[in-house]
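Each ligand, and each atom within it, is numbered from 1 in the order the structure gives. Values in this document were obtained by computation on a predicted structure and should not be read as measured data.
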Amino acid sequence: MSLKEKIDATKLPKHIAIIMDGNGRWAKGKGKLRIFGHHNGVGTVKTITESCAKLGIKHLTLYAFSTENWSRPAIEVRALMELLVDTMRKELPTLMKNDIRLSFIGNHADLPVKCQKQLHATMEATAANNRMDLVLALSYSAKWDLVQAVKNIAGKVKEGLLEPSEITDKIIDKELSTHQWPHPELLIRTSGEKRISNFLLWEIAYSELYFCDKLWPDFTEEDLFQAILDYQQRERRFGKTSEQISSTA
Ligand code: FPP
């Protein structure tokens with residue numbers, strides 16, 4: 001039985017989030033510049049995105065560029081932005097063919113104008129697709145998102161639209177840039193690092209975490225299937241006891 005056949009289609013995570021890590025080390029290991037790793041990482045983005053759509057995953061969020069990544073050498077930042085623009089342009093037919101809608105989370109104003117325009121053009125062109133949402137986190141950090149959510153809530157309180165006593169986790173959910181998607185059930189990080197790196201801190205409160213030693217350009221469809229199988233073997237208790245979970249199953 002192949003790994004894919006072992007996956008229980010009735011227990012798929014609705015939302016998978018991925019920290020795509022290890023492009024730089026992958027390139028270095030081959031004696032190449034870091035950007036060579038990012039270029040090869042695009043191939044993995046394509047494979048994993050198409051694979052998730054075909055499996056029936058409804059939402060896939062990829063951490064493509066963090067707020068902190070702006071402090072990388074200017075040459076790498078510029079090359080990454082160009083790569084993103086290029087990939088969005090070239091891969092539009094793939095997104096259309098697979099009925100995938102492109103969305104974005106992050107600080108839009110930080111992005112180069114060319115990147116903003118391409119992002120908007122691709123989001124507009126794919127807006128009616130509905131097999132899967134591909135959410136790119138670009139110039140994103142969870143703390144940035146939480147700060148903008150807190151500012152919006154404080155503004156509503158100041159205007160008398162909301163009482164402090166009415167603030168609940170649902171209200172905070174609504175103000176986050178991820179509000180239209182369910183929280184990810186599964187978070188994958190490649191490259192062997194076991195950190196969250198300021199990604200979806202609020203939304204992963206109850207996510208299952210899966211760390212894979214492979215560097216992102218080496219991550220394959222089989223590795224994705226393995227991560228999903230691992231997820232399907234876990235008991236998600238949400239603070240309850242094992243007995244409570246099995247009595248409601
Ligand atoms: C982390 O590896 C990866 C990034 C910061 C960029 C991810 C970008 C891509 C995979 C290419 C473009 C993406 C899309 C969605 C088209 P790293 O550079 O931190 O690697 P290292 O930890 O080995 O240095």
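- Using a 4.0 Å heavy-atom cutoff, F65 is absent from the residues neighbouring ligand 1.
- Other residues, nucleotides and ligands place no more than 12 heavy atoms under 6.0 Å from the NZ atom of K156.
- For ligand 1, the atoms lying closer than 4.0 Å to a non-hydrogen atom of V42 are 11 (C), 12 (C).
- Some N or O of N23 is nearer than 3.5 Å to an N or O of ligand 1, by distance alone.
- Considering only non-hydrogen protein atoms, atom 1 (C) of ligand 1 sits nearest to M20 O, 3.1 Å.
- The closest side-chain heavy-atom distance from I196 to L187 is below 4.5 Å.
- Here the protein heavy atom with the shortest distance to atom 7 (C) of ligand 1 is A64 O, 3.5 Å.
- For atom 5 (C) of ligand 1, the closest non-hydrogen atom on the protein side is N69 OD1, 3.6 Å.
- Ring pair Y63/F199 is parallel by interplanar angle, where below 30° counts as parallel and above 60° as perpendicular.
- The distance criterion of under 3.5 Å between nitrogen or oxygen atoms is met by D21 with respect to ligand 1.
- Scanning the protein heavy atoms around atom 15 (C) of ligand 1, the nearest turns out to be L136 CD2, 3.6 Å.
- Side chain of T126 to main chain of L102: a donor-acceptor pair is present (N/O by atom type, distance under 3.5 Å, no hydrogens or angles).
- Looking only at side-chain heavy atoms (C-beta outward), I16 and I228 come within less than 4.5 Å of each other.
- Remark: minimum distance from atom 20 (O) of ligand 1 to any protein heavy atom is reached at G24 N, 3.0 Å.
- Heavy-atom contacts of R25 reach the following atoms of ligand 1: 21 (P), 22 (O), 23 (O) (cutoff under 4.0 Å).
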* Take K170 and D173 through the salt bridge (Lys or Arg N to Asp or Glu O under 4.0 Å) test and state the conclusion after the steps. => CA-CA 5 Å; K170 296 275 174 298; D173 265 335; 5.1 Å; no

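- Ring geometry, Y206 versus F238: the interplanar angle falls from 30° to 60°, so the pair is classed tilted.
- One side chain, S139 or W70, offers a donor N or O that lies under 3.5 Å from an acceptor on the other.
- At a 4.0 Å heavy-atom cut-off, ligand 1 touches W216 through the side chain alone.
- Protein heavy atom closest to atom 14 (C) of ligand 1, with residue, atom name and distance, is L84 CD2, 3.7 Å.
- Scanning the protein for heavy atoms near atom 16 (C) of ligand 1, the closest one is T87 CG2, 3.6 Å.
- Within a 6.0 Å radius of NZ in K30, other residues, nucleotides and ligands contribute more than 12 heavy atoms.
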